[in-house]
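The next block holds one structure in the form of structure tokens; read it before the comments.
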Amino acid sequence: MATIVRKRKFRWDRFIANAMPHAALIIFAFVTLMPLLLIVSASFSDDAMLTRRGFSLLPQGFTTFAYQYVADTGAQIYRAYMVTVGITVVGTTVGLFIMSLLAYALSRPDFRYRRLLSFLVFFTLLFNGGFVPFYILMTQYLGLVDNYLALVLPNLVNVFFVLILRTYFAALPGEVFEAARMDGAGEFRIFLQIAMPMAGPALATVGLMTALTYWNEWVNVLYFIRDPEKVTLQYLLFQIQQNIQLLQESDTFASLGVTIPAQSVRMAIAVIATGPAALLFLVFQKYLVRGATLGAFK
């Protein structure tokens with residue numbers, strides 16, 4: 001039996017209709033990435049040429065002096081990196097587990113104290129005690145001066161993240177939980193072995209946002225940390241930038257004829273501070289999109 005093969009005719013209108021959205025997205029992505037590309041390029045540029053010619057997509061007078069200047073802080077920057085990584089890992093892990101427990105309890109309709117607990121959670125979202133009571137609590141009552149817990153505890157539970165997780169847990173099929181109870185599983189086992197795996201996208205979303213919060217931590221370092229060996233990366237980079245500004249404004253230092261690569265160092269600081277967070281976002285991007293859509297408020 002002969003097979004008739006029909007040759008599909010190429011249609012320009014269909015090609016253009018399909019190509020235009022992709023081209024628009026490519027242009028939008030390039031425009032979005034352009035500021036980041038300019039920052040990376042400026043961090044590898046000669047400061048004098050950068051000041052004279054301005055920013056460009058390609059480094060002007062390629063040099064790594066800005067990164068060497070930041071690295072000249074010695075072991076302090078590596079300690080700050082380790083402190084930041086430590087509080088990010090510990091704070092994200094513990095905080096995500098506590099927020100998941102709280103959100104799961106709020107999502108269960110058979111939980112006796114759900115309304116009271118929901119009221120307390122919403123109340124903290126609307127009102128807070130202010131900075132002075134918070135500072136007195138952390139320093140006088142808890143004694144967390146020069147303690148890593150002062151960097152972990154304040155961001156351990158975020159009410160907005162709890163609400164995202166609660167909405168996601170509430171949308172899970174209740175038949176699965178009922179079947180597990182009939183098989184003799186307790187609530188904690190249902191939470192760990194059923195609810196947590198099913199809420200993977202929401203947990204990844206909240207975990208990423210929590211990790212970014214801890215990674216960018218520097219305000220609590222300013223309030224509660226006195227030991228320079230316990231500061232975070234963001235605070236150390238902030239100090240370096242402040243020192244550069246003070247040196248530029250100093251008449252004594254200017255009389256020595258020494259030039260500080262102020263612009264390129266600022267850009268190098270931005271790359272060092274945001275680089276790991278940007279890579280983390282790219283890794284968890286698909287989970288972030290799924291969690292933000294499936295766990296959205298209804």
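The residues of the chain are indexed from 1 along the displayed sequence. Not measured: the values here are computed from a predicted model.
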>> Walk me through whether Ser100 and Leu203 qualify under side chain to side chain contact (heavy atoms under 4.5 Å, CB included).
In response: CA-CA 8 Å; Ser100 301; Leu203 294 174; 3.2 Å; yes

>> Using side-chain heavy atoms (C-beta onward) and a distance below 4.5 Å, is Phe177 in contact with Asp110?
In response: no

> Which atoms form the tightest heavy-atom contact between Ala270 and Ile39, and what is the distance?
Replying inline: CB-CG2, 4.0 Å

> Can any side-chain N or O of Asp146 pair as donor or acceptor with the backbone N or O of Ile225 at less than 3.5 Å?
Replying inline: no

> Below 4.5 Å, heavy atoms only, C-beta onward: do Trp215 and Ile87 meet side chain to side chain?
Replying inline: no

>> How close do Ser43 and Val271 get, counting heavy atoms only, and between which atoms?
In response: OG-CG2, 4.1 Å

>> Check this for me: Arg189, atom CZ, are more than 12 non-hydrogen atoms of other residues, nucleotides or ligands nearer than 6.0 Å?
In response: no

> From Leu120 CG over to Leu125 CG, what is the distance, rounded to the nearest 0.5 angstrom?
Replying inline: 13.0 Å

> Counting only heavy atoms not in Phe131, do more than 12 fall under 6.0 Å of its CZ?
Replying inline: yes

>> Please determine whether the number of non-hydrogen atoms from other residues, nucleotides or ligands lying under 6.0 Å from atom CZ of Arg226 exceeds 12.
In response: yes

> Cluster question for you: counting only ILVMFWY and a side-chain heavy-atom cut-off of under 4.5 Å, with indirect links fine, are Leu38 and Phe30 together?
Replying inline: yes

> Under a 4.5 Å side-chain heavy-atom rule over Ile, Leu, Val, Met, Phe, Trp and Tyr, are Tyr104 and Phe160 clustered together?
Replying inline: yes

>> Hydrophobic clusters here meaning ILVMFWY residues chained together by side-chain heavy-atom distances under 4.5 Å, can you tell me if Met20 and Leu25 are in one?
In response: no

>> Leu153 vs Leu144, test: side chain to side chain contact (heavy atoms under 4.5 Å, CB included). Steps then yes/no.
In response: CA-CA 10 Å; Leu153 290 181; Leu144 295 181; 3.7 Å; yes

>> Nearest 0.5 Å, please: how far is CE in Met99 from CG in Asn158?
In response: 6.5 Å

> So do the side chains of Tyr168 and Pro201 get within less than 4.5 Å of each other, counting heavy atoms only?
Replying inline: yes

>> Side chains of Tyr214 and Thr92: any donor to acceptor distance under 3.5 Å?
In response: no

>> Which heavy atom of Ser107 sits nearest to which heavy atom of Arg166, and what is that distance?
In response: CB-O, 3.6 Å

> Any side-chain heavy atom of Leu163 within less than 4.5 Å of one from Phe122?
Replying inline: yes

>> I'd like to check Gln60 versus Phe44 (side-chain heavy atoms, cut-off strictly below 4.5 Å). Are they in contact?
In response: no

>> Counting neighbours of OH on Tyr141 that are heavy atoms of other residues, nucleotides or ligands and sit closer than 6.0 Å, is the number greater than 12?
In response: no

> Closest heavy-atom contact between Thr88 and Thr84?
Replying inline: OG1-O, 2.6 Å

> Any side-chain heavy atom of Met138 within less than 4.5 Å of one from Pro154?
Replying inline: yes

>> How long is the straight-line distance from CG of Leu151 back to CG of Leu156, given to the nearest 0.5 Å?
In response: 12.5 Å

> OG of Ser118 to CG of Leu102: how many Å apart, nearest 0.5 Å?
Replying inline: 8.5 Å

>> Quick check: closest heavy atoms across Tyr81 and Ile272, and the distance to 0.1 Å?
In response: OH-O, 3.4 Å

>> salt bridge (Lys or Arg N to Asp or Glu O under 4.0 Å), that's the test. Do Arg108 and Glu187 meet it? Break it down for me.
In response: CA-CA 10 Å; Arg108 295 301 91 201; Glu187 285 295 334; 6.0 Å; no

> In Å, rounded to the nearest 0.5 Å, how long is the span from CG of Leu172 to OG1 of Thr167?
Replying inline: 11.0 Å

> Between Ile164 and Val206, is any pair of side-chain heavy atoms under 4.5 Å apart?
Replying inline: yes

> Quick one: does Pro173's side chain get under 4.5 Å of Met198's, heavy atoms only?
Replying inline: yes

> Of all heavy-atom pairs between Val89 and Thr93, which one has the smallest distance, and what is that distance?
Replying inline: O-OG1, 2.7 Å

> What's the verdict on side-chain hydrogen bond (donor to acceptor under 3.5 Å, both in side chains) for Thr213 and Glu217, showing C-alpha distance, side-chain angles and the deciding distance?
Replying inline: CA-CA 6 Å; Thr213 301; Glu217 177 62 64; over 6 Å; no

>> Treating Asp46 as the side-chain partner and Met49 as the backbone partner, does any N or O pair qualify as donor plus acceptor under 3.5 Å?
In response: yes

> Would the number of heavy atoms belonging to other residues, nucleotides or ligands and lying under 6.0 Å from CZ of Arg112 be above 12?
Replying inline: no

>> Could you check whether any side-chain N or O of Asp183 sits under 3.5 Å from a backbone N or O of Ala185, counting only pairs where one atom can act as donor and the other as acceptor?
In response: no

>> Membership question, hydrophobic clusters at under 4.5 Å side-chain separation (ILVMFWY): are Phe62 and Leu37 in the same one?
In response: yes

>> Among Phe134, Tyr148, Tyr235, exactly one meets ring-ring contact (aromatic ring centres under 6.0 Å, His included) together with Phe224. Which residue is that?
In response: Phe134

>> Nearest 0.5 Å, please: how far is CD1 in Ile77 from CD1 in Ile240?
In response: 5.5 Å

> In the single-linkage hydrophobic clustering (I, L, V, M, F, W, Y; side-chain heavy atoms under 4.5 Å), do Phe123 and Leu106 co-cluster?
Replying inline: no

> Pick one: which of Thr232, Asn155, Val152 meets side chain to side chain contact (heavy atoms under 4.5 Å, CB included) with Asn220?
Replying inline: Asn155

